[in-house]
Each structure stands twice: as structure tokens, then as C-alpha cells.
Amino acid sequence: MTLKRSFYVRPTVEVARDLLGKIVVHGSTSGRIVETEAYLGEGDLAAHAASGLTNRNRVIFGAPGHAYVYFIYGMYDCLNLVAEPEGTAGCVLIRALEPIAGLETMRKRRPAAPRTEDLANGPGKLTRALAITLRHNGCDVTRGPILVRDGPEENFDIGVSARIGITKSPDLPLRFFIKGNPCVSRRAQRKEPIRTAALRSDSA
DNA sequence: AGTTCGATCGCCT
DNA sequence: GGCGATCGAACTG
């Protein structure tokens with residue numbers, strides 16, 4: 001049920017894609033992963049690991065199957081899962097969850113989100129909904145207190161796009177999401193492939 | 001509906 | 001000292 005460490009000992013992109021549909025659990029709250037981004041090592045200028053080991057990013061270089069949590073904009077925590085063998089940098093940013101359990105608890109933690117699909121549809125929102133903070137940096141997600149479990153068997157279409165909100169390596173296709181899922185992050189909706197509406201507005 | 005902007009702080013140069 | 005792998009409210013049109 002809980003994903004084994006071997007799941008994470010693979011190329012970051014593979015892990016990012018395969019995490020879709022899996023379930024993140026913390027305490028009584030849990031949610032299904034519907035959007036991820038891969039962040040690589042050296043050569044990926046957008047990655048925190050881009051310029052080598054620092055005190056902040058050391059978990060990314062460590063053992064796979066651990067949580068890399070960072071604090072951003074003075075306000076938000078973001079959850080990543082470390083991939084690749086120990087010694088090689090690579091992690092997967094969890095960008096959005098579909099709430100499964102503990103919805104009332106999540107609502108209390110996120111009073112600004114009356115709709116269920118808005119409780120965890122962004123990297124800063126999902127950590128708040130699940131009460132994940134910098135304190136969890138380095139914790140083993142095969143052991144807890146944060147766990148990642150297999151989801152139910154299911155089929156879904158996977159979409160791919162550029163990553164959101166970065167300035168440095170902006171065009172790499174390293175974002176993965178469950179197509180059509182209403183909990184895919186809001187900022188990301190604008191990055192979806194061009195729709196027919198854009199063409200029709202021309203002739204109006 | 002799309003864009004701008006303020007909040008707020010750990011980490012790196 | 002300044003900058004973010006963001007969010008939500010307040011704008012504009």
C-alpha cells in the first residue's frame with residue numbers, strides 16, 4: 001500500500017509521471033496527486049539543486065523517498081519527493097491534490113477556499129491543507145508522518161506542459177497532470193494547450 | 001477574464 | 001540586501 005523506496009530510485013521524470021494518482025497522507029488528511037513537476041540536478045537552471053549542494057537543498061541530494069520541503073515568499077511551504085539514487089539530485093514538486101479524507105479539517109485550515117476543489121489545488125495550498133511545513137523537511141515518506149500510498153487502479157490521460165512560475169529554464173516539458181481533473185492548479189490552467197476558443201475570437 | 005500587487009522570511013552572494 | 005518552484009484580493013477594461 002505505502003510506496004516502497006524502490007519506486008523513487010528512478011529517473012525524476014518517470015517518478016513525476018508515476019506519482020499521478022498516488023495518495024499523500026498526513027494525519028487524518030489525504031489527497032490524490034493530480035499535478036507534479038520534475039526538478040532535475042545540474043543543468044536544470046530552475047531547480048534548487050542547479051548550483052550544487054547548499055544547506056537548504058541538501059535533502060535533494062540525499063536518499064530517495066524523502067520529503068524536501070522549502071519555504072517560499074515568506075508565507076508558503078512546498079512539498080517535493082526526492083527521486084534518483086542517493087548522491088544524485090532530483091525531486092518532484094507536488095503541485096495539486098484532489099482532497100480525499102479530512103475535508104472538514106482542511107476547510108478549517110483553508111477558510112479562503114469554500115469549494116472542495118480549491119482546498120489543495122496549488123503547491124502552497126496543499127501543504128496548508130495537510131499541515132505540512134518546513135519541519136517535515138527530510139522526513140521519510142516510506143515511514144511517516146507523511147506517507148505516499150498507492151491509489152486505486154484507474155485509467156486517466158496524462159497531460160504534459162512547461163513548468164509554472166519559473167523564469168530560468170522555462171520551456172522544458174516537465175509538468176505532468178491528470179487531464180480534465182478539476183483540482184489541477186489554477187495558475188496552471190492558463191498554460192494548457194491552445195483551445196479552439198482562441199481561434200474563434202479572431203473571427204468575431 | 002486578465003493583470004497587478006502586497007504580504008513576508010529563510011536562504012544564498 | 002534581495003530574491004523567490006505562491007496566493008488571493010484589488011484592480012482594469
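Chain letters run A, B, ... following the sequence lines, proteins first and then strands; every chain starts at 1.
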**Report entry** Separation of C/dT6 P from A/D118 CG (nearest whole Å)
**Finding:** 17 Å
Query raised in the report: Expressed in angstrom and rounded to an integer, what is the separation of A/L174 atom CG from C/dA5 atom P?
Result: 15 Å
Query raised in the report: Nearest-Å distance, CG (A/L79) to C1' (C/dT6)?
Result: 15 Å
Query raised in the report: Taking the side chain of A/R110 as heavy atoms from C-beta outward, which of C/dC7, B/dG10, C/dA5 is closest to it?
Result: C/dC7
Query raised in the report: Would you say a side-chain N or O of A/R95 is under 4.0 Å from OP1 or OP2 of C/dT6?
Result: yes
Query - Where A/Y39 and A/I164 come nearest, the two heavy atoms and their spacing - result: OH-O, 4.5 Å
Query - Nucleotide forming a Watson-Crick or wobble pair with B/dC11, both distances under 3.5 Å - result: C/dG2
Query raised in the report: Between C/dG4 atom C1' and A/R163 atom CZ, what is the distance in whole Å?
Result: 15 Å
Query raised in the report: Taking the P atom of each, how far is B/dC5 from C/dG13, in whole Å?
Result: 13 Å
**Report entry** Listed nucleotide nearest any side-chain atom of A/Y76, set B/dC12, C/dT6, C/dA5
**Finding:** C/dT6
Query raised in the report: For DNA chain C, what residues of residues 45-55 of chain A have any heavy atom nearer than 4.0 Å?
Result: A/A46, A/H48
Report summary line: The nucleotide from C/dG8, B/dC9, C/dA5 with an atom nearest the side chain of A/A112 is C/dG8
Query raised in the report: Quick one: A/M75 CE to B/dT8 P, roughly how many Å, whole number?
Result: 5 Å
Query - Gap between atoms CD1 and C1', on A/I166 and C/dC3 respectively (whole Å) - result: 16 Å
Query - ring centroid sep under 5.5 Å plus plane angle under 30, A/Y39 with C/dA5 - result: yes
Query raised in the report: Distance-only, no hydrogens or angles: does the A/S161 side chain make a donor-acceptor pair with backbone N or O of A/R175 under 3.5 Å?
Result: no
Report summary line: Per atom distances to the A/Y73 side chain, the nearest of C/dT6, B/dG10, C/dA5 is C/dT6
**Report entry** Side-chain ion pair, A/E14 and A/R17, N-O less than 4.0 Å
**Finding:** no
Query raised in the report: Taking A/L79 as the fixed residue, which of A/L97, A/V69, A/T133, A/V141 is the one that meets the side chain to side chain contact (heavy atoms under 4.5 Å, CB included) rule?
Result: A/V69
**Report entry** Nearest-Å distance once atom P is located in both C/dA10 and B/dT8
**Finding:** 15 Å
Requested in this report: Could you tell me which non-hydrogen atom of A/A49 sits nearest to which non-hydrogen atom of A/L40, and how far apart they are?
Outcome: CB-O, 4.1 Å
Query raised in the report: Between C/dG8, B/dG10, B/dT8, which nucleotide has the shortest distance from any of its atoms to the side chain of A/K125?
Result: C/dG8
Query raised in the report: What are the two closest heavy atoms between A/V92 and A/V15, and how far apart are they?
Result: CG2-CG1, 4.1 Å
Query raised in the report: Taking it one step at a time, do A/D140 and A/R5 satisfy salt bridge (charged side-chain N to carboxylate O under 4.0 Å, His left out)?
Result: CA-CA 9 Å; A/D140 184 346; A/R5 194 166 321 281; 2.8 Å; yes
Report summary line: note: A/L93, atom CG; C/dA5, atom P; distance rounded to Å ~ 10 Å
Report task. Starting from P on B/dG10, measure out to CZ on A/R58 and report it in whole angstrom. Result -> 18 Å
Report task. Over all heavy atoms of both residues, which pair between A/I33 and A/I178 is shortest? Give the atoms and the distance, please. Result -> O-CD1, 3.8 Å
Requested in this report: Just call it for A/G124: base, sugar-phosphate, or nothing, with non-hydrogen atoms closer than 4.0 Å on any strand.
Outcome: sugar-phosphate
Query raised in the report: Which residue lies toward the 5' end of DNA chain C, A/I72 or A/G122, if each is placed at its nearest nucleotide?
Result: A/I72
Query - Distance between P atoms of B/dT13 and C/dA5 (Å, rounded) - result: 14 Å
